[in-house]
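Remarks on the structure that follows.
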Amino acid sequence: MERLEKLFELSGPDMEKIVESFILEMERGLAGEKSSLKMIPTYVRMPTGKEKGKFIAIDLGGTTFRVLELTLKGDRKIGRTGIMKFVLEKKYVTGSAELFFDFIADNVNIFLRKYKLTDTSTLDLGFTFSFPIRQTGIASGTLICWTKDFNISGVTGNDVVKLMREAFRRRGIKNIDIAALVNDTVGTLAAKSYEEPDCDLGVIIGTGTNACYPEKSRGRMVINIEWGNFNKLASTPYDRQLDEESDNPGQQMLEKMVSGMYLGRIAGLVLKVEGFKTEHMSAIEGDMTDDLRVTGRLLGRLGIVKSSLKERRMFKKVCGIVSCRAARISASCIAAIIRRMDPHLSGTHTVAVDGSVFEKHPTFSQNMENALKEIFSRKASRIRLALTKDGSGKGAAIIAAVAGKYEK
Ligand code: BGC
């Protein structure tokens, strides 16, 4: 156990090293030099809070996708929202582009009928598409590569807005105009900063992980960092095995140490248990019973019957070691971005965070806050991590409003 703790440990100086190398990679990426951080310009400006009107959004980037309608009131307030969730079965995320986009369009039709929006005048739509996209404008961009085990043929290298518009046409949807293409981090940032002006960082720690921020040297245009691909972290033999067995070896190295898609797999490799998931880690780490009976029952379901208390304690410990490293990596990267924006930490910064790991894991957010305190000491109180639920969809609608205003 001690050996394992040492392997996964991230000390204060280790975090400081991550901060420095992350800033360097950010600078290289911005300068167009070789870097593991793509630093993608998004063409998105921060909202003012005065945007108004009724908008639609599609939020897509994991195993479920959502369609929503919302009203922006123009006074930093969001009015009534209508929302529908749809499950993306495996056949849709590993099949052809046409099958996939037609399925999305079919569900948009279901949504429009339910909310009586089929015969309206043109509605602007914000399209959240949470994969690495080379943006060519506010409402156009080509897919660089799939992540998170998506593998739909005929999309890489193509404009996803064009593919979505073609599916709308095939499915007879005429009153929707895709006004903005948005990453989920960008949507999350927009949603929180619509309500709170000191919010200047959007982070997702869910199935995948990533962050964005407004870059001063680019007139405060929001930059999608694609931090999941950061590759300057020390890895353990378990990380290397996971990477080798993955669909995209050598890529998304940070994502493979931090996000919900992989955390459970790492712990599973250490514990030699197949089918171990991040949800299991959350349940075990949140088990506060004195005999760890919740853990015992869960292990039973995973085929480990009659575990001893010592074994259950060991499971809990290993999960804690793996998730704590993930939280400290995330905090170090947030610290790097804040240091780049505000080197002396003289202002306050609200960080909009969404994603299942941040929201549901019992100690993740606390471990992140502790790490930020270690990095910034007392000044860490100027940084607030704010859960921003469903921000990615709401934010896409806000960005559609911002985009519409600029165009007019
Ligand atoms: C994608 C990002 C996305 C993140 C969170 C990553 O796999 O590359 O674009 O923001 O997941 O959903």
Side-chain angles (χ1 to χ4, degrees), residues 25-26 29 35-44 57-66 88 93-94 126-135 141-152 155-157 160-161 180-192 201-213 222-231 242-243 246-263 265 278 326 329-330 333-334 337 351-361 364 387-396 399:
E25 285 287 276
M26 284 174 81
S35 167
S36 61
L37 298 178
K38 296 189 181 72
M39 305 299 286
I40 303 169
T42 63
Y43 297 85
V44 168
I58 298 177
D59 183 4
L60 198 155
T63 43
T64 59
F65 79 96
R66 290 168 301 176
L88 270 175
V93 301
T94 51
F127 185 18
T128 304
F129 193 83
S130 306
F131 297 94
I133 290 277
R134 182 74 56 211
Q135 287 220 222
T142 55
L143 179 69
I144 300 170
C145 59
W146 286 115
T147 56
K148 299 176 277 197
D149 283 356
F150 270 60
N151 191 10
I152 302 165
V155 188
T156 305
V160 294
V161 172
L181 173 64
V182 180
N183 184 263
D184 51 359
T185 57
V186 182
T188 302
L189 170 63
K192 196 72 188 175
L201 223 136
V203 175
I204 301 284
I205 309 171
T207 310
T209 184
N210 187 15
C212 72
Y213 73 105
V222 176
I223 301 289
N224 170 11
I225 301 177
E226 286 294 332
W227 85 9
N229 198 45
F230 183 63
N231 66 3
L242 180 144
D243 179 48
S246 73
D247 283 350
N248 52 354
Q251 284 174 39
Q252 300 295 98
M253 298 309 283
L254 178 145
E255 185 154 273
K256 287 172 182 157
M257 295 184 188
V258 168
S259 82
M261 176 128 227
Y262 304 100
L263 274 186
R265 287 190 206 168
T278 307
I329 292 173
S330 315
C333 299
I334 288 176
I337 302 164
V351 184
V353 198
D354 199 5
S356 49
V357 175
F358 182 80
E359 186 193 348
K360 300 206 174 109
H361 185 281
F364 206 91
L387 176 67
T388 309
K389 276 191 81 165
D390 295 338
S392 47
K394 285 183 195 164
I399 292 162

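Just so you know, these numbers come straight off a predicted model, no measurement behind them. The analysis underlying the following values was restricted to heavy atoms, covering all of them including side chains, and did not include hydrogens, waters or symmetry mates. For ligands, and for the atoms within them, numbers begin at 1 and follow the listed sequence.
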Interfacing atoms of ligand 1 (cut-off 4.0 Å, heavy-atom, [X]):
X: P132; result: 8 (O), 9 (O)
X: E226; result: 1 (C), 2 (C), 8 (O), 9 (O)
X: Q252; result: 7 (O), 8 (O)
X: T147; result: 1 (C), 6 (C), 7 (O), 8 (O)

State which residue, out of D184, D59, T128, fulfils the side chain to side chain donor-acceptor pair (under 3.5 Å) condition with S392.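 Among the candidates, only D59 passes.
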Out of Q252, K256, Q251, which one pairs with S246 under the side chain to side chain donor-acceptor pair (under 3.5 Å) rule?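 For S246, the side chain to side chain donor-acceptor pair (under 3.5 Å) test succeeds with only one of Q252, K256, Q251, which is K256.
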Select the closest option to atom 1 (C) of ligand 1 among G206, S130, G208, judged by heavy-atom distance.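 Ranked by closest heavy atom to atom 1 (C) of ligand 1, first place is S130.
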Nearest non-hydrogen contact with atom 12 (O) of ligand 1 belongs to which option: T188, D184, I40?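 Shortest heavy-atom distance from atom 12 (O) of ligand 1: D184.
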Any G61 heavy atom less than 4.0 Å to ligand 1: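 False for this residue.
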Using distance alone, with no hydrogens and no angle criterion, decide if N151 and D247 have a side-chain donor and acceptor under 3.5 Å apart.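 Side chains of N151 and D247: no pair found under 3.5 Å.
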For atom 11 (O) of ligand 1, what is the nearest protein heavy atom, given as residue, atom name and distance?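 Result: K148 NZ, 3.1 Å.
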What I want to know is whether E255 and ligand 1 share at least one N or O pair that is separated by under 3.5 angstrom.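 Yes; at least one N/O pair falls below 3.5 Å.
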For ligand 1, note which part of N183 has a heavy atom under 4.0 Å away: side chain, backbone, both or neither.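 It is the side chain that touches ligand 1; the backbone stays farther off.
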When you measure from the side chain of N210 to the backbone N and O of W227, does any donor-acceptor pair fall under 3.5 Å?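 Judged by distance alone, yes, a pair lies under 3.5 Å.
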Has K192 got a side-chain atom pairing as donor or acceptor with G391's backbone, closer than 3.5 angstrom?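 Absent.
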Geometric class of the W146/F131 ring pair [parallel <30°, tilted 30-60°, perpendicular >60°]: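 Perpendicular.
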How far apart are the closest heavy atoms of A396 and A57, and which atoms are they?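 Closest approach of A396 to A57: CB-CB, 4.2 Å.
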